[in-house]
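What follows is a short report on a single structure.
Within every chain, numbering begins at 1; the chains are lettered A, B, ... in the order of the sequence lines, protein sequences first and strands thereafter.
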Number of protein chains: 2
Amino acid sequence: MKFSELTPEQLDQAANMLKAIAHPVRISILNCLEDGKKLTVSEIHSTLKIEQATASHHLGILKDKGVLNSKRDGKNTFYFLKHENLTSILDCVSKCSCS
Amino acid sequence: MKFSELTPEQLDQAANMLKAIAHPVRISILNCLEDGKKLTVSEIHSTLKIEQATASHHLGILKDKGVLNSKRDGKNTFYFLKHENLTSILDCVSKCSCS
DNA sequence: TATTAATATACAAATATATAAATATTATGC
DNA sequence: GCATAATATTTATATATTTGTATATTAATA
């Protein structure tokens, strides 16, 4: 799939997905969710030492833009990567930003 | 290199790099520069049918954030990818946003 | 040197995003 | 139903980004 074959809508969706990822807190969240891990809002909030509302907010953005999925289980909501291979983006950028 | 091993500064740089890419016009620009191609501002501006100033502006952002490099040759400035493997980000996102 | 081509920058208006604090919703267990 | 825990949403303020238009810079050439 070449980008030149994408419709403007798909191009926008790709940009929105990347925009969602392109934030220090949200990169850190994705880092927590590597290897198929499913974590609750509380776990993210305590692990990253950020406000509960902030964690929920960023998780909501990532879900809204198609990066994450979530599954409610009682009082908890577990978040996880929608596409496992998205972490390869992180690998690539971390390589590029360290050289 | 795991992200958890990145310093806050490197995390910010990675986020800035992704933010630079995360825009429909700039994704289209990167798409033009695949396979090591080097293009001038004029070529980008006519290929993508955007204003000259807009092309220059977006190219400047991509260069400033470490995504592109440029080389002046007389009246022309040629832009090209700084890290060839950055296009793998596009491949990944295009796959994810089409499924 | 004057003209033209190619690129880059400055500015302003509209839009979008980030952050924190407060409040609301959803679900459990007594 | 009431209290509590876990999430989610709202609101307001500050900041950043995008876009177009105009202008400035840089380089070649007549």
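- Evaluation of the ring-ring contact (aromatic ring centres under 6.0 Å, His included) rule for His23(A) yields His58(A) as partners, not counting sequence neighbours.
- Using a 4.0 Å heavy-atom cutoff across all strands shown, Phe78(A) reaches no nucleic acid atom at all.
- Residue Ser56(A) has a polar side-chain atom (N or O) positioned under 4.0 Å from OP1 or OP2 of dA8(D).
- Judged as a side-chain contact (heavy atoms from CB on, under 4.5 Å), and not counting sequence neighbours, the contacts of Asp12(A) are Pro24(B).
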Side-chain donor/acceptor pairs under 3.5 Å, residues 39-50 of chain A, sequence neighbours excluded:
unit_1, atom_1, unit_2, atom_2, d
Thr40(A), OG1, Ser42(A), N, 3.4
Thr40(A), OG1, Glu43(A), N, 3.1
Thr40(A), OG1, Glu43(A), OE1, 3.4
Glu43(A), OE1, Thr40(A), N, 2.8
Ser46(A), OG, Ser42(A), O, 3.1
Ser46(A), OG, Glu43(A), O, 3.3
Thr47(A), OG1, Glu43(A), O, 2.6

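- Nearest approach of Ile21(A) to Arg26(A), heavy atoms of both residues: O-CB, 4.2 Å.
- Contact of the Ile89(B) side chain with the Leu18(A) side chain is registered, since non-hydrogen atoms from C-beta on lie closer than 4.5 Å.
- Partners of Ser70(A) by side chain to side chain donor-acceptor pair (under 3.5 Å), not counting sequence neighbours, listed by chain and number: Lys63(A).
- Using a 4.5 Å heavy-atom threshold, the side chains of Leu68(A) and Leu30(A) count as touching.
- Bracketed by its first and final contacts, the part of DNA chain C lying under 4.0 Å from non-hydrogen atoms of chain B reaches from dA5(C) to dT9(C) in 5' to 3' order.
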Check nucleotides 1-6 of chain D against the protein and report each pair of N or O atoms closer than 3.5 Å, with its distance, or say if there are none.
unit_1, atom_1, unit_2, atom_2, d
dA6(D), O3', Lys75(A), O, 3.3
dA6(D), O3', Asn76(A), OD1, 3.0

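- Residues that satisfy the side-chain contact (heavy atoms from CB on, under 4.5 Å) test with Ala53(A), not counting sequence neighbours, are absent from this structure.
- When rounded to the nearest whole Å, the span between CD1 of Ile21(B) and C1' of dT17(D) equals 17 Å.
- Not counting sequence neighbours, Asp64(A) has no partner by the side-chain contact (heavy atoms from CB on, under 4.5 Å) test.
- Atom NZ in Lys63(A) sits roughly 13 Å away from atom P in dT7(D) (whole-Å rounding).
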Nucleotide N/O of nucleotides 18-23 of chain D paired with protein N/O under 3.5 Å:
unit_1, atom_1, unit_2, atom_2, d
dT18(D), OP1, Arg26(B), NH2, 3.3
dT18(D), OP2, Arg26(B), NH1, 3.4
dT19(D), OP2, His23(B), NE2, 3.3
dT19(D), OP2, His58(B), NE2, 3.4

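- Looking at residues two or more places apart in sequence or on another chain, you find a side-chain contact (heavy atoms from CB on, under 4.5 Å) between Lys38(B) and Phe78(B), Phe80(B).
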